[in-house]
Amino acid sequence: MPGAIHAEGLVKTFGDVRALDGVDLDVPEGTVLGLLGPNGAGKTTAVRVLTTLLRPDSGTAVVAGVDVLKNPNEVRRSIGLSGQFAAVDEYLTGRENLQMVGQLYQMGARAAKARASELLERFGLAEAADRTAKTYSGGMRRRLDLAAALVVSPPVMFMDEPTTGLDPRNRQALWEVIQELVAGGTTLLLTTQYLEEADHLAHDICVIDRGRVIARGTSDQLKARTGGERVEVVVHEREDIAAAEEVLRVLGKGETAVQEHTRKVVVPVVGGAKLLAEVIRELDTRGVEIDDIGLRRPTLDDVFISLTGHGAGKGEAK
Amino acid sequence: MSTMSDSLVIARRNLIRMTRIPEMVLFGLVQPVMFVVLFTYVFGGSMKIGDSTDPDVYKNFLMAGIFAQTVTFATAGAGAGIAEDMHKGLIDRFRSLPMARGAVLTGRTFADLVQTTLTLVVLAVVALIVGWRPGFAESTNVGKILGGFGLLLLLGYAFTWIGALIGLSVRTPEAATSGGLIWLFPVTFISNAFVDSRQMTPWLRHIAEWNPFSATVQACRELFGDPGLSSSGAWPMQHPVWASLIYSALIIVVFRTLAVRKYRSATA
Ligand SMILES: Nc1ncnc2c1ncn2[C@@H]1O[C@H](COP(=O)(O)OP(=O)(O)OP(=O)(O)O)[C@@H](O)[C@H]1O
Ligand SMILES: [Mg+2]
């Protein structure tokens, strides 16, 4: 059965830029898909196509069981969108903004009013509710925009970099809101530059680059693909680097890597904590004094960098 | 989903915005008031209407022209407002909502109509103060006078749809403001609004007499009992009320269709 969001072969070109170059996506109902990719990868374009704002050159998309191209207005009833840039009316108050959105979702005036109060409370905007959005800080606008996307608790949500510009506390609060929504059965497509966020929230991750999906799977699957655990040792004295390298070469499984200036030696390993203990004993026996030692698992950042050849947020797609 | 209720929600939003930026409404008033005063006192003595150079005749001739020009300037406001909504991403927000097609634009034009009405009321009062007297040349009555203002509002409303199309077609609010105004100068000056079209060179006079804008001006002069009615045989000058109604309706139908189509595919 196709998921709540299902797209096949989406292509969208702008002049000679292929923003989407045959993207397939499937998000099962009640799950979160994290869409990752460097700047210019096509994330926003994908979101715009799926939320009826942009017609693809080719491909098909079904959202909440409705064909996006054939029946966009029907789709709009079932989705909430928080775009990459907060879309709020600066000259209306927070409350007026939410009431307006509620009424445009065809809620009655009274219901829209009640819902606005509820959301303002939930997003920590109750105190600023009756000030114009012009006076809001960037993070407050962002939260108002997210609240607007949640006015009718739509079954399918799209959030394009929802936590960009939020402070850690508000980010945490938003994560909780998202987890609550998903627990309640909402399907969510989320784009983000914070890989930790995808790790935390997303059931599945899809990495795109230059309009193509280059990897997909759960966060653990992607990490496993990038390589297993490593032991990292930082020795106290520069002279000990050679000795440490020798120990790691014997106990590790693969090439050792040395960073002279940080006095760090790294090697891939299998065996986890037990092996780590062995490394420590061996170094101790040889009298190598260490500043730091640890077992490191790949992060999504490592996955990202190894897949796209450049870090998140750095460099445009070529 | 109802076009009317969605349009009213958007109109209300735009009216609230106007109360939050009163300067905008104020500047919208200052300019036509300045025109009334300047044209009356600077050009007043030197303009020939028919065979008369009496400043009082020109004053009474002029007002319908200034009223009509003022309502067309609402075009720029509508265009700038819509361009700004695009720029700020609000149009994307609206387009992702299950609302009636065209309600964003219709709501905007409704709000502009309210503003135009307000401007006209202020302007009419100023006109009376500087000496405009409905019934100066021909007898009139309250019904006819209100009818004249009705035609003016309809013309202004029609022009906001042109503004909507301009707003959706340009990239910035600034471009929409100037793009919404520039073409209005030839349209409102190559007309019977400020001078007697009979005194123009023949080809200009033709354009002026068939100019949709002139039809409304002529209709207002007729309904207000103002002096200086054109006696030209051109059909719109002979049947100005009908011509004004037909032109405005045509503009609404054509530009509304174009603007709504553009809205559906617009991307910031
Ligand atoms: N309206 C447009 N006109 C022209 N080019 C566009 C347009 N929208 C997007 N593009 C191009 O399409 C490509 C993908 O853009 P998109 O906004 O989808 O990237 P993104 O993955 O969201 O990037 P970011 O992380 O920076 O938000 C980019 O090269 C961009 O320049
Ligand atoms: Mg983006």
Side-chain angles (χ1 to χ4, degrees), chain A residues 12 14 44-45 47-55 63 66 68 71-93 95-97 99-109 112 131-135 141 144-145 148-149 151-152 154 157-158 160, chain B residues 1-25 77 80-108 110-111 115 168 171 173 260-268:
Chain A
K12 178 74 201 178
F14 295 105
T44 299
T45 306
V47 169
R48 289 173 58 85
V49 167
L50 294 170
T51 54
T52 76
L53 297 180
L54 202 63
R55 272 189 90 83
V63 169
V66 183
V68 175
N71 220 338
N73 230 19
E74 197 61 35
V75 170
R76 291 178 194 130
R77 282 174 211 285
S78 313
I79 61 170
L81 164 67
S82 171
Q84 185 167 3
F85 305 100
V88 300
D89 189 328
E90 295 188 318
Y91 289 98
L92 299 193
T93 65
R95 191 186 303 282
E96 287 164 345
N97 264 292
Q99 279 177 19
M100 173 181 73
V101 172
Q103 287 183 302
L104 294 175
Y105 268 116
Q106 318 302 323
M107 288 168 98
R131 278 180 10 215
T132 57
K134 207 175 171 50
T135 67
R141 279 181 208 211
L144 183 59
D145 187 68
V151 166
V152 290
M157 296 272 321
F158 295 85
D160 197 354
Chain B
M1 175 172 48
S2 142
T3 307
M4 192 41 83
S5 67
D6 286 352
S7 300
L8 290 178
V9 171
I10 298 289
R12 181 162 175 274
R13 167 222 166 204
N14 282 306
L15 288 171
I16 294 175
R17 282 174 68 92
M18 285 175 196
T19 65
R20 305 267 153 86
I21 330 171
E23 314 82 273
M24 294 257 286
V25 182
I82 285 162
E84 189 182 331
D85 286 351
M86 290 239 291
H87 199 63
K88 294 262 159 80
L90 273 161
I91 295 284
D92 270 2
R93 155 77 66 221
F94 292 137
R95 286 177 66 232
S96 76
L97 296 175
M99 55 187 291
R101 204 181 275 164
V104 169
L105 305 178
T106 307
R108 173 75 215 192
F110 283 176
Q115 192 185 344
L168 290 169
R171 274 170 215 293
V260 170
R261 181 177 308 167
K262 184 103 194 161
Y263 173 81
R264 287 169 59 201
S265 62
T267 46

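All figures in this text were calculated on a predicted structure; none of them were measured in a lab. The analysis underlying the following values was restricted to heavy atoms, covering all of them including side chains, and did not include hydrogens, waters or symmetry mates. Letters A, B, ... are given to chains in the order of the sequence lines, protein chains preceding strands, and every chain is numbered from 1.
- Counting all heavy atoms, side chain and backbone alike, B:Pro98 lies closest to A:Gln106 at O-NE2, 3.1 Å.
- For the options A:Gln103, A:Lys134, A:Glu96, heavy-atom pairs under 4.5 Å to chain B are most numerous at A:Glu96.
- In this structure, chain B has no heavy atom under 4.5 Å from any part of A:Phe85.
- Taking CZ of B:Arg93 as the start and CG of A:Leu53 as the end, the distance is 10.0 Å to the nearest 0.5 Å.
- Here the straight-line distance linking atom CD1 of B:Ile16 with atom OH of A:Tyr91 works out to 14.5 Å at 0.5 Å rounding.
- Considering every non-hydrogen atom in both B:Leu97 and A:Asn73, the closest pair reads O-OD1, 4.4 Å.
- Interface residue A:Ala86: only backbone heavy atoms are found under 4.5 Å from chain B.
- The CG atom of A:Leu50 sits 13.0 Å away from the OG atom of B:Ser96 when rounded to the nearest 0.5 Å.
- Proximity to chain B (any heavy atom under 4.5 Å) is shown, for A:Asn97, by neither the backbone nor the side chain.
- Within 6.0 Å of CZ on B:Arg261 lie no more than 12 heavy atoms contributed by other residues, nucleotides or ligands.
- At a 4.5 Å heavy-atom cutoff, the contact between A:Val88 and chain B is made by backbone atoms alone.
- Nearest approach of B:Gly89 to A:Ala87, heavy atoms of both residues: O-CB, 3.3 Å.
- A:Thr132 is listed as a side-chain neighbour of B:Arg20, based on a closest heavy-atom distance under 4.5 Å.
- In this view, B:Asp85 and B:Arg13, B:Leu90, B:Ile91 satisfy the side-chain contact (heavy atoms from CB on, under 4.5 Å) rule, not counting sequence neighbours.
- Between the side chain of A:Arg76 and the main chain of B:Arg95, a donor-acceptor pair closer than 3.5 Å is present.
- Shown here are the side-chain contact (heavy atoms from CB on, under 4.5 Å) partners of A:Thr44, two or more places apart in sequence or in another chain: A:Arg48, A:Gln84, A:Asp160.
- When the candidates A:Gly83, A:Ala148, A:Gly80, A:Ser82 are compared by the number of heavy-atom contacts under 4.5 Å with chain B, A:Ala148 comes out ahead.
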